[in-house]
Each structure stands twice: as C-alpha cells, then as structure tokens.
Amino acid sequence: MAGRYDVIVLGAGAAGMMCAIGAGQRGRSVAVLDHAAAPGEKIRISGGGRCNFTNIHAGPRNFLSANPHFAKSALARFTPKDFLAMVGGHGIAWHEKTLGQLFCDNSAKDIIRMLTDEMRSAGVDLRLRTEIGAIDPVAGGGYRIATSGGVVEATSLVIATGGKSIPKMGATGFAYRVAEQFGLPLVETRPGLVPLTLDPQLLQRLAPLAGIAAPAEIRHGKTAFREALLFTHRGLSGPAILQISSYWREGDEITVAIEPDIDIFITLKTARQANGRQSAQTALAEILPKRLAQHFAEGESMSGNMADQPDRRLQQLAAAVQAWPIKPSGSEGYRTAEVTLGGVDTACLDSKTMQVKTIPGLFFIGECVDVTGWLGGYNFQWAWASGYVAGEAA
Ligand code: FDA
C-alpha cells in the first residue's frame, strides 16, 4: 500500500490545504492528494493575481444556500480576523481595496506559499499529479482510495475538490460523484459569478456600448447590487452583473439603474434651466459616458433642445437610464464562472464539523458544498472556515 494516514484530503485548493493544516497541527497524519501539478491553482489566478483572500464584513448574509443558516457555525469559528492573523504571521503585506475586500499587495502566490509552508510545518504529505480512482469504505471504519500512486487508506476522508467552474483549470465535479456514490443528496448545480449573455438582436443594439463601464445598481427581485457594470462584445459583465448572476435564473429579467446615486430627472431639469439650447443627449453626457448618453437619447427619440422637453419627457429619459429592464438570454457558463452554485446538500452535513451526519469519517468542504459566496473574498472565507472546522474534527 502507498500509505496509511489518519486523514486524507482530496483537493489541494483553498479548503483542502486549510483543513490539512488544522488536522496536521492536531498531530494527525495527513495526506493531501491532487491531480494538478501545483497546489492552489485558483488561488494563484484569483483577484487578478493578487487574491482577494477574504472580506472583513463576511457573514452568513453574503452566502447563497438552500439553508442560509448552515454557514453560520463555521464562519463564526474561523473569521476573517483569524485568517488575517495567519497572513500577518507570515509577513504578507495586504490592503483593503473596496467594500471590505482584502488583497495581497504583491502576489496571490504569497498565500499559496503561506499555506504550503504551514502544511510542511504540520507534517502534511502533499501528493500532486495524483489521479484519484475508486473510493471504498473499509469494514470496521475508514476509507481505501485507489490512486495513480497506489492505494492509500485513512480513517477520515475529506472531499475538497471544488466545483465545476473553469474546467480548463482541472475542475471536474468529482465531489458530486463521490456524494452520489454515498447516496447523499445534491442541490442542483449552476454557474455563479458569471457574465450574462444577450440575444443576438439586443446584442447588436448594444454593440456600440462594448467596453463602457459605469456605476450601476442591478436588481433581481428583492436582491440588488451596486457596483460597476461593464458592456462587452458578448453581453453584460462587471462586478454588479457577476453578483446578480448568482441570483438570476434562465428566463428572468434584471433591472439596470445606471449612476444610481444621481437623480437623473432633477439633474436634467437643472441642466434645462441652465442651458435650454443644449440637446438632451449633451445634457445626459454630463452624467454618463458619451456613447451611453447617445444610446438612451436616441432610444427615447429625444430630438430638439432641452427647452423643448417637458418634465414628462425628461422623466421618461431618466427612467430609461435607471429602470432599464433587460432579459439576459443566458450566462457564459462554467467556462468563465468564478464559482459553482449548489452542490452537496447541507442537510446531510454537520455544520460544526462538515462531516456527513450519517457516515462517520466522511467530510465535504469548500466550494463543492451548497454554500456560495458573493464576489469579494467571501468564497475564500468559506473555503478557509469550512476547511478549518473540518481540520479540527477529522
Ligand atoms: P478549489 O477549486 O480551489 O480546489 C479544488 C482542488 O481539487 C484543485 O486543486 C483541483 O486540482 C483538485 N481536484 C479537482 N478535481 C479533482 C480530481 N478529480 N482529482 C484530484 N484532484 C482534483 N474567491 C474569492 O474569495 N476571492 C477571489 O479573488 C476569487 N477569485 C477568483 C477568480 C477566478 C478566475 C475563479 C475561477 C475563482 C475565484 N474565486 C475567488 C473563487 C475561489 O477560487 C473558490 O471559491 C475557491 O478556490 C474554492 O476553494 P476549494 O478549495 O473548495 O476548491
């Protein structure tokens, strides 16, 4: 046999490495197995290479799950401050960018180095380029795992192989197959934090706007996010769209308000008073990028001078800018999605340990579980927190 351990973690991503560190520090013998050539590949590319490693405001309300209460326990036991203490201990410089989002000053590689150093100190055996085969429960307790490097056995098995997002980077949906093998329920998976696409007709109409970014509030039902909106050649993107995409379902409409902090009607009225001879498009271009102003002014057929526009017309123009209903045709899918929504149903997991309630020694952590964070460091915080609590129990 290639090895016998107390704990085997499948997946050397954020959650798996965190779990391995905790278990190793408790004196457990731990191996982490991954088919990739390097650990933490998603950490490396995250946050534009600087890793938005947590969010100081992270709390249960920033996560989507069929059970919104499930994440509370782990998030309370391992907080952003706890992760910051680890980061500080390794002398990694960081900064807050916006909305509580913390990034490395230098490189996401600092975070990977910190985790691999901690694993080494905790005596964790990291086995890369290892393909995982059959998983079999062992009579009397524990698990036997066939791998390309031989058979390994452990008392506890932690599944930390992430979701389906970005298959090019090695995402496989492996965790869901393990859950199925053990008869565990799954919440339907779908891409989250993903750009939305538009039907060809609308895309053609919006083509001149490609490349424009503007502050916006994007609403879906009762949920709204205020961040940047970006028009692209494929549809809509930018943080505000990525955020709402996790709530959006096929066939739903979203409502776009551009420059939500500005009262456009009042601003246009003031502009009319100040200079009645300018066009509505020119007045609007004082607030919006030129091409956007042109798009809305033409869309509302605003011909003539501002002096010719009654309040009703200015209100119509303001509504076009700030109550713009758009029906996306789809999303860019797992190819570009930052996360996978849904996954292993939390109903079968103990929220304090991430262990399967009915199967001793089997744990699921990180993105493969039906807990998905907003954009802004929340998903890593869930990976750290769920990994930490499992590491304390496995
Ligand atoms: P993760 O996917 O990190 O790790 C899973 C590991 O399992 C991988 O190492 C993989 O190789 C391995 N694996 C998978 N299948 C396997 C198999 N069959 N056999 C063996 N090994 C297998 N979040 C955030 O909070 N801040 C940010 O800045 C970003 N930025 C960001 C950018 C981009 C481009 C993406 C795609 C995602 C983000 N995210 C993010 C999300 C974040 O990366 C994600 O939520 C975490 O990496 C999830 O951690 P896990 O450890 O659960 O899975």
Side-chain angles (χ1 to χ4, degrees), residues 5 7-23 30-46 74 112 115-116 119 124-136 143-149 152 154 156-182 184-187 189-192 334 337-346 348-349 354-356 359 361-373 379-380 382-391 394:
Y5 298 87
V7 183
I8 287 179
V9 181
L10 300 186
M17 288 196 276
M18 197 64 176
C19 172
I21 292 164
V30 185
V32 181
L33 276 43
D34 201 301
H35 63 178
E41 279 294 88
K42 278 199 182 160
I43 299 174
R44 186 177 57 80
I45 60 156
S46 67
I112 302 174
L115 295 167
T116 49
M119 283 203 293
V124 174
D125 192 1
L126 174 62
R127 296 186 181 196
L128 299 168
R129 293 191 175 93
T130 301
E131 298 299 327
I132 314 296
I135 296 175
D136 292 304
Y143 299 86
R144 181 174 298 128
I145 300 129
T147 80
S148 54
V152 285
S156 295
L157 175 61
V158 183
I159 311 296
T161 49
K164 294 180 184 172
S165 311
I166 324 232
K168 246 185 165 167
M169 294 198 64
T172 56
F174 175 83
Y176 313 127
R177 292 201 294 280
V178 178
E180 273 167 0
Q181 177 192 336
F182 285 91
L184 304 176
L186 292 172
V187 173
T189 53
R190 59 199 171 88
Y334 291 117
E338 283 201 12
V339 287
T340 304
L341 291 149
V344 178
D345 193 335
T346 59
C348 69
L349 302 176
M354 306 302 291
Q355 185 166 207
V356 178
I359 309 178
L362 183 61
F363 299 72
F364 289 85
I365 57 173
E367 191 177 326
C368 68
V369 176
D370 173 34
V371 173
T372 307
N379 284 296
F380 278 135
W382 169 246
W384 315 134
S386 61
Y388 172 82
V389 297

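These numbers come from the heavy atoms of this one structure, side chains and all, not from hydrogens, waters or symmetry mates. Because the structure is predicted, anything quoted here is derived from the model rather than measured.
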Under 3.5 Å, is there a donor-acceptor pair between the side chain of Asp345 and the main chain of Pro185? no
Derivation and outcome, side-chain contact (heavy atoms from CB on, under 4.5 Å), residues Tyr176 and Lys164: CA-CA 10 Å; Tyr176 313 127; Lys164 294 180 184 172; 3.7 Å; yes
Over all atoms of both residues, closest heavy-atom pair of Ile365 and Ala390: CG2-CB, 3.5 Å
Glu131 backbone acceptor or donor facing Ser148 side chain under 3.5 Å: yes
Run the side-chain contact (heavy atoms from CB on, under 4.5 Å) check on Ile159 and Leu362 step by step: do they pass? CA-CA 8 Å; Ile159 311 296; Leu362 183 61; 4.2 Å; yes
Ignoring hydrogens, what is the shortest heavy-atom contact between Leu128 and Pro39? Give both atom names and the distance. CD1-CD, 3.8 Å
Report yes if some heavy atom in the side chain of Val30 is under 4.5 Å from a heavy atom in the side chain of Asp125; otherwise report no. no
In short, Gly162 meets Ala175 closest at the heavy-atom pair O-CB, 4.2 Å
side-chain hydrogen bond (donor to acceptor under 3.5 Å, both in side chains) involving Lys42 - partner list, sequence neighbours excluded: none
Could you grab the distance from atom NE2 of His35 to atom OG1 of Thr161, nearest 0.5 Å is fine? 8.0 Å
Indicate yes or no for a side-chain donor-acceptor contact from Ser46 to the backbone of Arg44 under 3.5 Å, with no hydrogens or angles considered. no
Looking at Cys19 and Val9, what are the two nearest heavy atoms and their distance? SG-CG2, 4.2 Å
Do Trp384 and Phe380 pass the ring-ring contact (aromatic ring centres under 6.0 Å, His included) test, and can you show the C-alpha distance, the side-chain angles, and the key distance before you say yes or no? CA-CA 6 Å; Trp384 315 134; Phe380 278 135; 5.5 Å; yes
Side-chain heavy-atom pair Ile21, Leu115 within 4.5 angstrom cut-off: yes
Would you check if the side chain of Glu367 reaches a backbone N or O of Ala383 as a donor-acceptor pair within less than 3.5 Å? no
side-chain hydrogen bond (donor to acceptor under 3.5 Å, both in side chains) filter on Arg127, not counting sequence neighbours, yields Tyr5
Where at least one partner belongs to residues 166-179, residue pairs that pass salt bridge (charged side-chain N to carboxylate O under 4.0 Å, His left out), sequence neighbours excluded: none
Here the gap from Asn379 atom CG to Glu338 atom CD, rounded to the nearest 0.5 Å, amounts to 8.0 Å
Criterion side-chain contact (heavy atoms from CB on, under 4.5 Å) on Trp382 and Val339, from CA distance to verdict: CA-CA 12 Å; Trp382 169 246; Val339 287; over 6 Å; no
Candidates Thr147, Val32, Ile135 - the one meeting side chain to side chain contact (heavy atoms under 4.5 Å, CB included) with Leu10: Ile135
Val389/Phe363 under side-chain contact (heavy atoms from CB on, under 4.5 Å): CA gap, chis, key distance, verdict: CA-CA 10 Å; Val389 297; Phe363 299 72; over 6 Å; no
Closest heavy-atom pair, Gly342 versus Thr372, reported as atoms and distance to 0.1 Å, is N-OG1, 4.1 Å
Just by distance, do the side chain of Asp370 and the backbone of Thr346 share a donor-acceptor pair under 3.5 Å? no
For Gly366, is there any backbone N or O sitting under 3.5 Å from a side-chain donor or acceptor partner on Ser386? yes
Keeping the roles fixed (side chain from Thr130, backbone from Leu33), state whether a donor-acceptor pair exists under 3.5 Å. no
With rounding to the nearest 0.5 Å, note down the distance linking CZ in Arg190 to OH in Tyr334. 9.0 Å
If you take all heavy atoms of Thr189 and Gly343, which pair is closest and at what distance? CG2-N, 3.7 Å
Evaluate the side-chain proximity of Phe174 to Ile132: yes if any heavy-atom separation is below 4.5 Å, no if none is. yes
